[in-house]
Amino acid sequence: MKFEDFKLSNELLRNIKEIGYEEPTDIQSRSIPLIIEGKDVIGESATGSGKTLAFGAIIAEKVIPNQGIQALVITPTRELANQVKDSLKLISKHKNLNITAIYGGVAIEPQMNILRRAEVVVSTPGRLCDHLQRNTVNLSKVNILVLDEADRMFEMGFIEDIETIIKSCPRERQNLFFSATISDNIRKLARKYMNDPVKVSANNIVDPEKLKQVYYNITRGMKLSLLVYLLEHEKAGLVMVFCNTRRNVDFIVKNLQHNKVKAIAIHGGLSQNKRNNTIELFNDAKVQVLVCTDVASRGLHIDNVSHVYNYDIPKNPKDYVHRIGRTARAGEEGKVINILSEEDHPNMSAILKEYTFKIEKMEKVMIERVNTIRIEEQRNFRRVPFHNKFKRGFSRQRQYSRH
Ligand code: ADP
Ligand code: MG
């Protein structure tokens, strides 16, 4: 399919071309024609598969300047709200719409003025509910309602806020729910609030031709040393290192820096300003290594990530899918490197029970243990001498492969 096959205006087609999209992705091909027809759509496809344009196209076509808030997009995180807003601006460039991202963690007053002028609002659920309560947002003109990453919003416990928001919109409206996975919760919400929805699913998850997944077995004490070694030896573009806890994120960033690898952190404990700066530094490739937790990274569309490292294996298999979805996007190649120690095996097994991935076992490499500093001590900038530099290999453990 080509973009020209959809009933889109010439202006929109030109914007799409200018952004650099040559042909629609699978989810775009399946959903845009239905959405343009005015149908309510539930769209299921993996992270990175191009869902933003799927709902962005109708917003660009339908919303009229100076007529109040006509399109509302709800996203689970602040970063995602910003990114969706930026994408929508590009998609609807010809109309010069007032598109705004609304989220918590920043002052609420300035948002009130902005909301008065907005035609498109991209918001996290909590802050929008605050505005509803204060009567500082008027949703009476909304005719397109989008839930982006609906599964994640359920996981984060936003359902009550979402229902409050939906009930504040006019009955006559088009509903579009997008998600990487469609759970029973989403189906229930759809039955309650959507009008005869059509469900479309894109060919999901990952293309094994493009995405190579490997693992190393190693003792816990040698994980950081292996990470440093691989970051130095693997030819890579932008790299994301995932951890299960904020504490590990801090530990790794400090210790990568200590070992002369430039890296930055993003997790929920950092201020919004700091997070925005971090994303910018990383997107501009000023720092090549981003260390993060699942929540903070969710939905970010950072291009050109060549490597995803799992320093810990996530407990929830879906998080693994979301992590690996950061790379090999839009037809590019990518590599996932899992650094496993004994503690990670139950989580890895759970993932492989749910998904069939081919994850190749890597040979032992002889590496040196690097110096590490504990994060508490880092505050005083004291260095802890570490003398036991000796060579160590990896222990042989379980094998992971496709069954
Ligand atoms: P999702 O919301 O499904 O995670 P996004 O909408 O964020 O995916 O898109 C992921 C990446 O793919 C973005 O960098 C986006 O610019 C790019 N992209 C989207 N549609 C296309 C397309 N048709 N061709 C090439 N790249 C695309
Ligand atoms: Mg998205």
Side-chain angles (χ1 to χ4, degrees), residues 1-6 8 12-33 35 41-60 73-93 99 101 122-124 146-153 155-156 176-182 186 200-207 210-211 237-238 240 279 282-285 294 297-306 308 318-319 321-334:
M1 267 214 170
K2 296 202 291 277
F3 282 116
E4 286 75 17
D5 298 336
F6 309 148
L8 304 177
L12 178 54
L13 286 173
R14 199 176 56 222
N15 294 347
I16 291 172
K17 209 164 171 189
E18 268 180 31
I19 296 170
Y21 301 164
E22 283 166 12
E23 52 183 51
T25 63
D26 196 25
I27 189 69
Q28 290 163 3
S29 294
R30 288 171 199 259
S31 64
I32 290 177
I35 294 173
V41 169
I42 307 176
E44 176 184 40
S45 74
T47 306
S49 58
K51 294 190 282 293
T52 317
L53 179 65
F55 59 80
I58 190 73
I59 292 176
V73 181
I74 310 294
T75 66
T77 66
R78 308 155 181 194
E79 285 81 9
L80 189 59
N82 270 326
Q83 291 191 341
V84 168
K85 175 205 66 182
D86 290 341
S87 301
L88 292 179
K89 280 193 174 165
L90 290 176
I91 296 166
S92 65
K93 208 174 85 184
I99 305 178
V122 186
S123 180
T124 54
V146 181
L147 301 191
D148 194 17
E149 307 238 2
D151 54 345
R152 191 61 175 183
M153 293 200 278
E155 280 166 37
M156 291 168 81
L176 306 171
F177 291 4
F178 281 91
S179 198
T181 51
I182 306 293
I186 297 175
V200 294
S201 294
N203 285 332
N204 234 351
I205 321 278
V206 291
D207 178 353
K210 301 276 186 208
L211 183 69
L238 294 183
M240 292 178 84
I279 295 292
F282 187 63
N283 260 332
D284 296 348
D294 293 289
S297 71
R298 187 59 175 261
L300 297 180
H301 66 220
I302 297 162
D303 288 327
N304 309 320
V305 172
S306 70
V308 166
K318 271 191 212 145
D319 282 329
V321 175
H322 285 288
R323 288 181 182 188
I324 69 176
R326 313 314 312 166
T327 183
R329 290 161 85 105
E332 298 284 316
E333 294 195 353

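Atoms within a ligand are numbered from 1 in the order they appear, just like the ligands themselves. In this chain, residues are counted from 1 in sequence order.
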Polar contact flag for Gln28 and ligand 1 (N/O pairs, less than 3.5 Å):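 Among all N and O atoms of Gln28, at least one is under 3.5 Å from an N or O of ligand 1.
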Min N/O separation Glu23 to ligand 1 under 3.5 Å: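 N/O-N/O distance below 3.5 Å exists for this pair.
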Exercise: identify the closest heavy-atom pair between Ser29 and Phe6: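 Scanning both residues, the minimum pair turns out to be CA-CZ, 3.7 Å.
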Atoms of ligand 1, numbered as shown, that sit under 4.0 Å from any heavy atom of [X]:
X: Thr52; answer: 2 (O), 5 (P), 6 (O), 7 (O)
X: Phe3; answer: 23 (N)
X: Ser49; answer: 1 (P), 3 (O), 8 (O)

Residue part near ligand 1, for Phe55, under 4.0 Å between non-hydrogen atoms: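 Near ligand 1, Phe55 shows nothing, with every heavy atom at 4.0 Å or more.
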Contact partition for Gln83 relative to ligand 1, non-hydrogen atoms under 4.0 Å: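 Neither part.
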SB check Asp148 Lys51 (cutoff 4.0 Å):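 The answer is no: the pair does not qualify as a salt bridge.
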Short N-O contact, Arg152 and Asp319, less than 4.0 angstrom: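 A salt bridge is present here (some side-chain N lies under 4.0 Å from a carboxylate O).
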Salt bridge (Lys or Arg N to Asp or Glu O under 4.0 Å) partners for Glu22, two or more places apart: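 Salt bridge (Lys or Arg N to Asp or Glu O under 4.0 Å) check on Glu22 returns nothing, list empty.
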Partners meeting salt bridge (Lys or Arg N to Asp or Glu O under 4.0 Å) with Lys93 (sequence neighbours left out):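 With neighbours one apart ignored, the set is Glu18.
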Other residues, nucleotides, ligands: >12 heavy atoms within 6.0 Å of Glu4 CD: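 Count over threshold, so yes.
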